[in-house]
A.B. asks: 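Supplied in structure tokens, the structure appears directly below.
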Number of protein chains: 2
Amino acid sequence: MMNVQFKKGVLNLCVLALLDCQDRYGYELVQMISKRIEVSEGSVYTLLRRLTKEGYFETYLKESSEGPPRKYYRLTIAGQAYLQDLLAEWRTFTESVNELIGGDGKDE
Amino acid sequence: MMNVQFKKGVLNLCVLALLDCQDRYGYELVQMISKRIEVSEGSVYTLLRRLTKEGYFETYLKESSEGPPRKYYRLTIAGQAYLQDLLAEWRTFTESVNELIGGDGKDE
DNA sequence: ATTTAGTACTGCACAAAGAACAGTACCGTA
DNA sequence: TACGGTACTGTTCTTTGTGCAGTACTAAAT
């Protein structure tokens with residue numbers, strides 16, 4: 001199956017990025033991410049709780065016609081800043097890795 | 001500092017890829033990887049021991065004129081296959097993430 | 001001759017984060 | 001009223017990178 005370890009930290013980035021466009025609720029995020037990368041519910045909810053505790057999200061409840069009330073997550077200012085940091089890191093990181101695995105055994 | 005979690009599993013891929021061209025010794029791998037991404041010696045050596053135990057590397061010692069003998073690592077057949085798997089996974093994974101963070105909130 | 005710096009490897013205790021799983025609860029339908 | 005889908009909580013387990021201490025060899029500086 002999909003490499004578990006690749007996901008460490010990246011899930012973080014994905015959730016933040018998805019919340020940058022609009023507020024979303026947990027189950028919705030699980031569905032959206034699962035379409036592209038395998039992820040368990042537990043991971044996403046755990047992450048949402050953690051980042052909320054760290055001040056990157058604010059939450060509010062809203063009732064749903066098709067089940068229990070949904071907890072929506074909204075990026076805080078800190079969350080937006082964190083997202084920008086992670087985005088930049090992700091880009092330079094993947095670039096670095098691609099250079100490393102690109103095959104050129106150059107010293108420089 | 002660099003995001004620790006991004007590295008999970010990727011270090012694995014980097015080491016395998018670097019060994020695909022030629023045999024290398026541990027310290028050399030640490031130096032090569034450190035040029036691009038921050039990594040501690042402990043991580044690389046731990047990983048080398050683990051992958052060796054799992055049959056992806058064979059090792060041999062060779063003396064050095066500038067210090068203690070070096071332990072060289074060579075990819076086994078299993079190691080080459082594993083590398084190909086990881087490479088493919090890495091490519092589809094980064095593609096998926098880039099789509100997710102790319103901003104299109106599309107359902108499909 | 002002894003110290004110091006660079007090279008090179010070993011091994012362990014620790015922390016972070018995702019996975020698996022069980023549990024709670026609401027809603028609509030058969 | 002039993003089932004399946006929606007929606008969230010919480011705990012335990014595993015993997016993997018980190019930090020640190022330790023060993024040991026070589027060469028240059030004091």
Side-chain angles (χ1 to χ4, degrees), chain A residues 1-16 23-34 36-54 56-57 59-73 82 86 89 93 96-97, chain B residues 1-16 23-34 36-54 56-57 59-73 82 86 89 93 96-97:
Chain A
M1 283 287 90
M2 174 171 276
N3 189 315
V4 175
Q5 303 302 324
F6 284 171
K7 291 178 231 173
K8 303 265 168 148
V10 178
L11 213 49
N12 226 303
L13 169 63
C14 292
V15 168
L16 282 156
D23 300 357
R24 299 185 190 277
Y25 55 97
Y27 194 76
E28 184 185 11
L29 289 164
V30 173
Q31 303 304 315
M32 291 184 76
I33 296 172
S34 298
R36 310 279 191 183
I37 63 184
E38 278 173 52
V39 71
S40 67
E41 281 200 325
S43 308
V44 178
Y45 285 119
T46 302
L47 180 154
L48 288 169
R49 281 194 289 270
R50 185 171 63 239
L51 293 189
T52 302
K53 209 172 77 183
E54 291 170 8
Y56 298 122
F57 301 144
T59 64
Y60 55 95
L61 286 174
K62 210 160 138 184
E63 292 192 21
S64 160
S65 57
E66 38 195 335
R70 295 164 170 171
K71 184 183 273 192
Y72 280 79
Y73 294 82
Y82 185 39
L86 278 184
E89 273 191 61
F93 178 74
S96 299
V97 171
Chain B
M1 282 285 88
M2 172 170 276
N3 191 312
V4 175
Q5 303 302 323
F6 283 170
K7 292 178 230 174
K8 302 268 168 150
V10 177
L11 214 47
N12 228 304
L13 169 63
C14 291
V15 168
L16 282 156
D23 299 357
R24 300 186 191 276
Y25 56 98
Y27 194 77
E28 183 185 9
L29 290 164
V30 173
Q31 304 303 316
M32 292 183 75
I33 297 172
S34 298
R36 311 279 191 185
I37 63 183
E38 277 173 53
V39 71
S40 67
E41 281 200 325
S43 309
V44 177
Y45 285 119
T46 301
L47 178 157
L48 288 169
R49 283 193 287 272
R50 186 170 64 238
L51 293 190
T52 302
K53 211 172 76 181
E54 290 171 8
Y56 298 122
F57 301 144
T59 64
Y60 54 95
L61 286 174
K62 210 159 135 183
E63 291 189 22
S64 159
S65 56
E66 39 193 337
R70 295 162 169 172
K71 184 183 273 191
Y72 280 81
Y73 293 82
Y82 185 38
L86 279 184
E89 275 191 59
F93 178 74
S96 300
V97 172

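Numbered from 1 within each chain, the chains take letters A, B, ... in sequence-line order. The model shown is predicted, which means the values in this text are computed figures rather than measured ones.
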A.B. asks: Work out which heavy atom in A/Gly26 is nearest to a heavy atom in A/Val44; give both atom names and the distance.
C.D. replies: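 Shortest heavy-atom separation between A/Gly26 and A/Val44 comes out as O-CG1, 4.5 Å.
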A.B. asks: Whole angstrom is fine here: how far is it from CG in A/Leu48 over to C1' in D/dT9?
C.D. replies: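 Taking atom C1' of D/dT9 as the reference, CG of A/Leu48 is at 12 Å.
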A.B. asks: Do A/Arg70 and A/Glu28 come within less than 4.5 Å of each other through their side chains, counting heavy atoms only?
C.D. replies: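 A/Arg70 does not reach A/Glu28 side chain to side chain.
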A.B. asks: Holding to side chain to side chain contact (heavy atoms under 4.5 Å, CB included), I want the full list of residues that pass it with A/Lys62, two or more places apart in sequence or in another chain.
C.D. replies: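 Partners of A/Lys62 under the side chain to side chain contact (heavy atoms under 4.5 Å, CB included) test: A/Tyr60, A/Tyr72.
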A.B. asks: Testing the basics here: between A/Ser64 and A/Pro68, what is the closest heavy-atom pair and its distance to 0.1 Å?
C.D. replies: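 A/Ser64 and A/Pro68 have their closest heavy atoms at CB-O, 3.8 Å.
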A.B. asks: Is there a side-chain contact between B/Phe6 and A/Asn12 (heavy atoms, below 4.5 Å)?
C.D. replies: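 No, side chains not in contact.
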A.B. asks: For nucleotides 11-17 of chain D, tabulate all protein N/O to nucleotide N/O atom pairs closer than 3.5 Å, reporting atom names and distance.
C.D. replies:
from, atom 1, to, atom 2, distance (Å)
D/dT15, O3', A/Gln5, NE2, 3.2
D/dT16, O2, B/Lys8, NZ, 2.8
D/dG17, OP1, B/Lys7, O, 3.4
D/dG17, OP1, B/Gly9, N, 2.9
D/dG17, OP2, B/Arg50, NH2, 3.3

A.B. asks: Within the pair A/Tyr45 and D/dT9, is there a side-chain N or O less than 4.0 Å away from OP1 or OP2?
C.D. replies: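 No.
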A.B. asks: Report all interatomic pairs (protein N or O, nucleotide N or O of nucleotides 25-30 of chain D) with separations under 3.5 Å.
C.D. replies:
from, atom 1, to, atom 2, distance (Å)
D/dT26, O3', B/Ser65, O, 3.2

A.B. asks: What is the distance, rounded to the nearest whole Å, between atom NZ of A/Lys62 and atom P of D/dT6?
C.D. replies: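 So the NZ-P distance, A/Lys62 to D/dT6, works out to 19 Å.
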A.B. asks: Keeping B/Lys7 on the side-chain end and B/Glu38 on the backbone end, is there a donor-acceptor pair under 3.5 Å?
C.D. replies: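 Yes; at least one donor-acceptor contact below 3.5 Å.
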A.B. asks: Restricting to side chain to side chain donor-acceptor pair (under 3.5 Å), what partner residues turn up for A/Tyr82, sequence neighbours left out?
C.D. replies: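 Residues passing side chain to side chain donor-acceptor pair (under 3.5 Å) with A/Tyr82: none at all.
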A.B. asks: Measure the distance from CD1 on B/Ile37 to C1' on D/dT18 and round it to the nearest whole Å.
C.D. replies: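 After rounding, the gap between these two atoms is 14 Å.
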A.B. asks: Minimum heavy-atom separation for A/Ser96 to B/Ile37, with atom names?
C.D. replies: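 Looking at all heavy atoms of both residues, the shortest contact is CB-CG2, 3.6 Å.
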A.B. asks: Do A/Leu47 and A/Ser43 touch side chain to side chain, with heavy atoms closer than 4.5 Å?
C.D. replies: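 A side-chain contact is absent here, since even the closest heavy-atom pair is not under 4.5 Å.
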A.B. asks: With sequence neighbours left out, write down each residue that passes salt bridge (charged side-chain N to carboxylate O under 4.0 Å, His left out) with A/Glu63, or none if nothing qualifies.
C.D. replies: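 Partners of A/Glu63 by the salt bridge (charged side-chain N to carboxylate O under 4.0 Å, His left out) criterion come out as none, since no residue qualifies.
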A.B. asks: Using a heavy-atom cut-off of under 4.0 Å over every strand shown, decide if A/Glu41 touches base, sugar-phosphate, or nothing.
C.D. replies: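 Base: the residue A/Glu41, judged by heavy atoms under 4.0 Å, touches a nucleobase.
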A.B. asks: Side-chain contact test, heavy atoms from C-beta onward, threshold under 4.5 Å: evaluate it for B/Leu51 versus B/Tyr73 and give yes or no.
C.D. replies: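 With C-beta onward as the side chain, the pair stays apart.
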A.B. asks: Need two values: the first and the last nucleotide of DNA chain C, 5' to 3', having an atom under 4.0 Å from any heavy-atom of chain B.
C.D. replies: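 Both ends considered, the range comes out as C/dT7 to C/dA17.
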